[in-house]
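Here the structure comes first, spelled out in structure tokens, and everything after it is commentary.
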Amino acid sequence: MNIGKAYSAANISNGTDLAIGFTSSTVAVLLFGTNFVPVKKFDTGDGMFFQWILCASIWLVSLLVNLIQNCPRFWPLAMVGGFVWATGNVTVVPIVKTIGLALGLLIWASFNLLTGWASSRFGWFGIDPEEVSRPILNYIGAGLSLISAVIFLFIKTEVQSSSASLESTPLLRESSINVSEDTTEDSWVNKLSPAKRRLIGCGLAVVAGILYGSSFVPVLYIKDHGRRNGTVYTGASQFVSLSDLDYVFAHFSGIFLTSTIYFLIYCAVKKNKPCLYPQAILPGFVSGVLWAIANCCWFLANHYLSAVVSFPIITAGPGLVASMWGVLVFKEIKGLKNYVLLSASFCIILAGSLSTAFSKV
């Protein structure tokens with residue numbers, strides 16, 4: 001009788017964990033696919049000022065989470081993950097300006113998925129390899145995501161500059177503070193040929209995806225080594241409910257510190273005359289808040305589902321959401337051929353995500 005009750009309690013607990021994990025994943029997918037939408041119609045220039053505003057709002061959210069968590073122990077190694085992510089984030093504005101939000105997010109999300117999945121599945125960078133109930137389904141899910149990444153490269157986009165947007169008003173067209181003769185219309189992106197734009201945009205998206213996919217490694221390393229005796233990480237939070245949020249403040253602090261350093265370097269290179277875009281402040285702040293909430297949900301999904309399951313779902317899903325914005329609102333993707341390729345990619349990503357999800361059950 002007691003065995004039956006224990007088995008029933010274990011099933012309920014496992015079911016609850018899965019429900020929380022998949023709910024967190026859903027919220028993360030929706031917000032990651034939407035977080036750059038607020039800034040899409042605003043001029044962000046070269047992106048350096050925008051990325052600093054974005055990262056500042058991210059850090060403020062982490063400060064609130066840290067206070068809610070009663071200020072858990074700060075692990076400096078988790079800041080390295082923030083450094084890696086912030087380095088990838090510097091490329092976002094050039095990516096959006098060269099190949100568009102939809103295609104850019106689809107590419108970097110796919111390589112994010114593959115990097116994060118492979119490092120957690122095979123134990124790269126000193127972390128423990130993670131096991132799943134049905135490994136074949138897990139491999140199929142990752143493989144389908146790789147196929148979708150290849151298809152994305154053949155989708156052509158039409159990207160309008162923000163200043164040329166029909167939705168811009170004269171107020172929004174006013175240029176930046178301290179901007180020189182080299183305005184947004186004459187920026188390096190606008191001087192590129194379509195082929196070079198596509199090559200640079202896709203290349204930067206691949207680099208960003210690999211960096212994003214590596215950003216959780218330090219936290220996973222701390223957790224894995226926290227299970228062992230005799231290491232500096234012994235006792236690190238891992239089994240208490242919501243414990244993965246204990247690493248949010250350190251991780252996000254690394255993001256903000258790195259973005260600040262990059263911004264200061266940028267100011268020095270510009271001889272203390274950085275291009276500041278006031279109209280990007282509020283949208284950038286909102287974008288950062290959306291991203292921070294999504295990433296907190298990702299931390300929870302890693303805890304309740306494991307990274308080998310959460311990565312394929314959370315990194316592939318936002319591409320679907322961003323593509324809907326790109327097709328329905330921003331009109332970046334047009335033409336029957338592109339729609340067919342996009343539909344095929346959607347089906348492949350959906351099949352891959354379901355395969356990965358069922359590999360855990």
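The residues of the chain are indexed from 1 along the displayed sequence.
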*Please assess Tyr262 against Thr87 for the test side chain to side chain donor-acceptor pair (under 3.5 Å), listing each intermediate value before the final yes or no.*
CA-CA 9 Å; Tyr262 285 151; Thr87 302; 2.8 Å; yes

*Could you check Phe32 against Asn295 for side-chain contact (heavy atoms from CB on, under 4.5 Å), going step by step and ending with a plain yes or no?*
CA-CA 8 Å; Phe32 276 136; Asn295 214 51; 3.6 Å; yes

*For Phe216 and Phe299, run side-chain contact (heavy atoms from CB on, under 4.5 Å): C-alpha distance rounded to whole Å, both residues' side-chain angles, the deciding distance at 0.1 Å, then the answer.*
CA-CA 9 Å; Phe216 275 111; Phe299 271 94; 3.6 Å; yes

_Ile281 and Phe49: CA distance, side-chain angles, deciding distance, side-chain contact (heavy atoms from CB on, under 4.5 Å) verdict_ = CA-CA 9 Å; Ile281 293 177; Phe49 178 64; 3.7 Å; yes

*Trp85 and Thr258: CA distance, side-chain angles, deciding distance, side-chain contact (heavy atoms from CB on, under 4.5 Å) verdict*: CA-CA 9 Å; Trp85 184 90; Thr258 303; over 6 Å; no

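The side-chain heavy atoms of Ile255 and Trp59, taken from C-beta on, include no pair separated by under 4.5 Å. The side-chain heavy atoms of Pro218 and His251, taken from C-beta on, include no pair separated by under 4.5 Å. Contact of the Cys55 side chain with the Phe263 side chain is not registered, since no non-hydrogen atoms from C-beta on lie closer than 4.5 Å. The closest side-chain heavy-atom distance from Val80 to Leu77 is below 4.5 Å. Contact of the Ser119 side chain with the Leu220 side chain is not registered, since no non-hydrogen atoms from C-beta on lie closer than 4.5 Å. The closest side-chain heavy-atom distance from Val248 to Gln69 is not below 4.5 Å. Side-chain contact between Ser259 and Trp52 is present, with heavy atoms from C-beta onward closer than 4.5 Å. In this structure, Trp108 and Val92 have side chains that are in contact, with non-hydrogen atoms separated by less than 4.5 Å.
Taking CG of Asn66 as the reference point, atom CG of Leu245 lies at 10.5 Å (rounded to 0.5 Å). Distance check, rounded to the nearest 0.5 Å: SG of Cys297 to CG of Leu30 gives 10.0 Å. We find the OH-CH2 distance between Tyr139 and Trp117 to be 6.0 Å, quoted to the nearest 0.5 Å. Taking CZ of Phe83 as the start and CG of Leu257 as the end, the distance is 10.0 Å to the nearest 0.5 Å. With rounding to the nearest 0.5 angstrom, the OG atom of Ser57 is 9.0 Å from the CG atom of Leu290. To the nearest 0.5 Å, atom CD1 of residue Ile99 and atom CZ of residue Arg197 are 11.5 Å apart.
In terms of heavy-atom proximity, Ile314 sits nearest to Ala28 at CG2-CB, 4.0 Å. In terms of heavy atoms, Leu31 sits closest to Ala294 at CB-CB, 3.6 Å. Here the closest heavy-atom approach between residue Ser355 and residue Leu144 is recorded as OG-CD1, 4.5 Å. For the residue pair Leu54 and Gly288, the shortest heavy atom distance occurs at CD1-N, 3.5 Å. Shown here for Ser24 and Leu300, the closest heavy-atom pair between the two residues is OG-CB, 3.7 Å. Between Asn112 and Gly213, the shortest heavy-atom distance links the atoms OD1-CA, 3.0 Å.
Counted by atom type alone, Thr115 and Tyr212 present zero donor-acceptor pairs between their side chains at under 3.5 Å. Using a 3.5 Å distance cut-off with no hydrogens or angles, the side chains of Trp75 and Asp246 do not pair a donor with an acceptor.
A centroid separation of 6.0 Å or more is found between the aromatic rings of Trp124 and Tyr221.
The backbone N or O of Cys275 sits less than 3.5 Å from a side-chain atom of Tyr266, completing a donor-acceptor pair. Within the 3.5 Å criterion, the main-chain N or O of Gly21 finds a donor-acceptor partner in the side chain of Ser25. Between the Ser287 side chain and the Asn35 main chain, a donor and an acceptor come within less than 3.5 Å of each other. Under the 3.5 Å distance criterion, the side-chain polar atoms of Gln51 are left unmatched by any main-chain donor or acceptor of Asn89.
Screening Phe252, Trp298, Phe285 against Trp291 for a ring-ring contact (aromatic ring centres under 6.0 Å, His included) leaves a single residue, Phe252.
With hydrophobic clusters built from ILVMFWY side chains whose heavy atoms lie under 4.5 angstrom apart, Phe125 shares a cluster with Phe111. No path of Ile, Leu, Val, Met, Phe, Trp and Tyr side chains, each step under 4.5 Å between heavy atoms, connects Phe256 with Leu64, placing them in separate hydrophobic clusters. Hydrophobic clustering places Ile261 together with Met48 (ILVMFWY residues linked when any side-chain heavy atoms are closer than 4.5 Å, directly or through intermediates). A continuous path of ILVMFWY side-chain contacts below 4.5 Å connects Ile140 to Phe122, so both sit in one hydrophobic cluster. Linking ILVMFWY residues whenever their side-chain heavy atoms come closer than 4.5 Å, directly or via other members, places Val90 and Ile265 in the same cluster.
Remark: Leu67 CG is packed, more than 12 non-hydrogen atoms of other residues, nucleotides or ligands lying under 6.0 Å away. Surrounding CG of Leu264 are more than 12 heavy atoms belonging to other residues, nucleotides or ligands, all under 6.0 Å away.
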